[in-house]
Number of protein chains: 2
Amino acid sequence: MALTDDAIARIRGMISSGELPPGARLPPEPQLAAQMGLSRSGVREAVKVLESARVLDVRRGDGTYVTSLAPRLLLEGLGVAVELLRDDTLLEVMEVRRLLEPVATGLAALRMTDTQLDELARILEDMRAAADDAEKLIGFDTAFHHTVVASTGNETLTSLLAGLSGRTLRARVWRGLIEANAAHTTIDEHHAIYLALRSRDQLLAQASALMHVNTSEAWLRTVLAAKAADV
Amino acid sequence: MALTDDAIARIRGMISSGELPPGARLPPEPQLAAQMGLSRSGVREAVKVLESARVLDVRRGDGTYVTSLAPRLLLEGLGVAVELLRDDTLLEVMEVRRLLEPVATGLAALRMTDTQLDELARILEDMRAAADDAEKLIGFDTAFHHTVVASTGNETLTSLLAGLSGRTLRARVWRGLIEANAAHTTIDEHHAIYLALRSRDQLLAQASALMHVNTSEAWLRTVLAAKAADV
DNA sequence: ACTATAGAGACATCGGACGTTTGCCGTGGT
DNA sequence: ACCACGGCAAACGTCCGATGTCTCTATAGT
């Protein structure tokens, strides 16, 4: 199993060493194969792996290029990984969010601009208007938290939290929420977070975010327990 | 580019739907190819991608199996992603650690067992004994923080922080530390964390961890600045 | 100067062949 | 009855060559 994996490692090495900077173009597959001493098939597998990791960008008919290597791209894989976690480990993910979201929201309280606060208010309105449409609620919920975290200006943090709050996870929580007619309570929690951010109160922002994650965790437990009972 | 990516998505779907539970064996490559309507080459690329993501385990001469899907495996990719981040985004990573490590250490203060505390003490001794060997120091440093975070019992959290504290990043920080003869100061910081954990003082644990990350960040800045000046 | 088109280059996919490794099972001996 | 050995079959690893399809570019024509 050495050949293809070697190729992966070598290409990665060329990138991290700076030999292949972001945007650089790789040699054509046949040439790359010759250069690394393996067949084109092996090179293709290696390239495919790096493409799926958003390290390479393969453009058919054109060539293969190194991506920008932005955190947003490289950390995208975290999301798909979390989607595959089994139910019993989703509570671990939730605990990480419980640790990270409050402090991240607290940091946002220090850095959020008025424009961003206005956008939050708009999303909050959208949320209230869509209080019975699960799909829309999930979308606005995602937008709300994304806006908050993005205001820290830390793309790595934003991508990380986005990955931890995968669509599947969110959908499960909201399903529990809506079925129990508790959507308005959760929307109020968002409002509390908004108020804390608006007043740039770091501690209050932390606290309100913790309350919110805690609620989410509780509903996730409910949903998971219901599913376990089904089986 | 649809065929291979479709295959990836389909296999992932079969896994998350429960059709292929952890440990399950996939059909042989030729059969899988027929079943999904593409050639063996395409299947191999798809399998390789999922293997690199630690979703599949390919055993030559035997067959292909679904891994345990444990967080430790699936989040392993985070580490390699972080290794490829460019220098200017490493500070973002450090900021995430600055947010996450203190609260994680605080949680550890509540959950650490006496046995684990004893192990910490042992690592601390090793560290003092190896105060001039960069390689060893990095190893003990990694072991120290791993032991602390692992005591939370949250494998997801542990893997996440491990990924954020990649070997390269650690090596850079320690290089700066040792060159400036500041290794002993950092070892003292570890001692402070240990004392806080030993007394099960959550707030003190948080504070000492923050001090420590802050020091690391400062040294990282120094190293990065020196490198930038070189160029 | 602009546009349409033809060609070259590059990736996408396929099919088959051969090597190597692994696991299993039957055989034979103890 | 148990164990060690050997051989077979299955499965992955690697390679090769051919063909399809898409992009970009340079050329020719208006």
Side-chain angles (χ1 to χ4, degrees), chain A residues 1-15 19-69 73 76-77 80, chain B residues 1-15 19-69 73 76-77 80:
Chain A
M1 178 154 77
L3 280 192
T4 299
D5 290 299
D6 263 11
I8 297 176
R10 275 216 259 173
I11 297 176
R12 250 203 338 242
M14 286 192 284
I15 292 174
E19 187 180 340
L20 286 175
R25 176 183 181 154
L26 272 70
E29 287 171 356
Q31 185 177 333
L32 204 55
Q35 176 182 333
M36 308 185 105
L38 79 166
S39 73
R40 203 189 143 199
S41 322
V43 169
R44 279 191 57 76
E45 289 179 17
V47 168
K48 189 78 192 173
V49 166
L50 293 174
E51 185 198 14
S52 79
R54 298 292 183 267
V55 173
L56 296 180
D57 180 19
V58 181
R59 303 180 205 158
R60 180 172 182 177
D62 183 0
T64 302
Y65 301 81
V66 179
T67 67
S68 68
L69 300 181
L73 292 177
E76 197 183 301
V80 303
Chain B
M1 174 155 79
L3 280 190
T4 299
D5 289 301
D6 263 11
I8 297 176
R10 275 216 258 173
I11 297 176
R12 248 201 341 240
M14 287 192 286
I15 292 174
E19 186 180 338
L20 285 175
R25 177 184 180 151
L26 272 70
E29 286 171 357
Q31 184 178 333
L32 204 55
Q35 176 182 333
M36 307 184 109
L38 79 167
S39 72
R40 199 189 147 199
S41 322
V43 169
R44 278 192 58 75
E45 289 180 17
V47 168
K48 189 77 191 174
V49 166
L50 293 173
E51 185 198 15
S52 79
R54 298 292 184 267
V55 172
L56 295 180
D57 180 19
V58 182
R59 303 181 203 156
R60 180 172 183 178
D62 183 0
T64 302
Y65 301 81
V66 180
T67 68
S68 67
L69 300 180
L73 292 176
E76 196 182 302
V80 301

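Order of the sequence lines sets the chain letters (A, B, ...), proteins ahead of strands, with each chain counted from 1. The structure displayed is predicted, hence computed values, not measured ones. Only heavy atoms go into these numbers, but all of them, side chains included; no hydrogens, no water, no symmetry mates.
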With a 4.0 Å limit, can you tell me whether Thr64(A) has a side-chain N or O closer than that to the phosphate oxygens OP1/OP2 of dA10(C)? no

For atom [atom1] of [X] and atom [atom2] of [N], their distance in whole Å:
X	N	atom1	atom2	answer
Glu29(B)	dG13(D)	CD	P	6 Å
Leu56(A)	dC11(C)	CG	P	11 Å
Arg44(B)	dG16(C)	CZ	P	17 Å
Arg60(A)	dC11(C)	CZ	C1'	7 Å
Asp57(A)	dT23(D)	CG	P	13 Å
Asp5(B)	dA12(C)	CG	P	9 Å
Glu45(A)	dC11(C)	CD	P	16 Å
Arg59(A)	dC11(C)	CZ	C1'	13 Å

Results of side chain to side chain donor-acceptor pair (under 3.5 Å) for Arg10(B) - residues two or more places apart only: none

Selection: residues 30-42 of chain A, any non-hydrogen atom under 4.0 Å of DNA chain C: Arg40(A)

Apply side chain to side chain contact (heavy atoms under 4.5 Å, CB included) to the pair Met36(B) and Ile11(B), showing each step before the final yes or no. CA-CA 10 Å; Met36(B) 307 184 109; Ile11(B) 297 176; 3.9 Å; yes

Quick one, Ile15(A) with Leu69(A), criterion side chain to side chain contact (heavy atoms under 4.5 Å, CB included). Give me CA distance, side-chain angles, the key distance, then yes/no. CA-CA 10 Å; Ile15(A) 292 174; Leu69(A) 300 181; 3.8 Å; yes

Between Gly61(A) and Arg25(B), which residue's closest nucleotide on DNA chain D lies nearer the 5′ terminus? Arg25(B)

Residues Lys48(B), Glu51(B): salt bridge by 4.0 Å N-O rule: yes

Is a salt bridge present between Arg25(B) and Asp57(B), judged by a nitrogen-to-oxygen distance below 4.0 Å? no

Nearest-neighbour nucleotide for the Pro28(B) side chain, dC11(C), dT14(D), dC12(D) considered: dC12(D)

Quick one, Thr67(B) with Leu56(B), criterion side chain to side chain contact (heavy atoms under 4.5 Å, CB included). Give me CA distance, side-chain angles, the key distance, then yes/no. CA-CA 5 Å; Thr67(B) 68; Leu56(B) 295 180; 5.6 Å; no

Step by step, would you call Val58(B) with Arg44(B) a side chain to side chain contact (heavy atoms under 4.5 Å, CB included)? CA-CA 10 Å; Val58(B) 182; Arg44(B) 278 192 58 75; over 6 Å; no

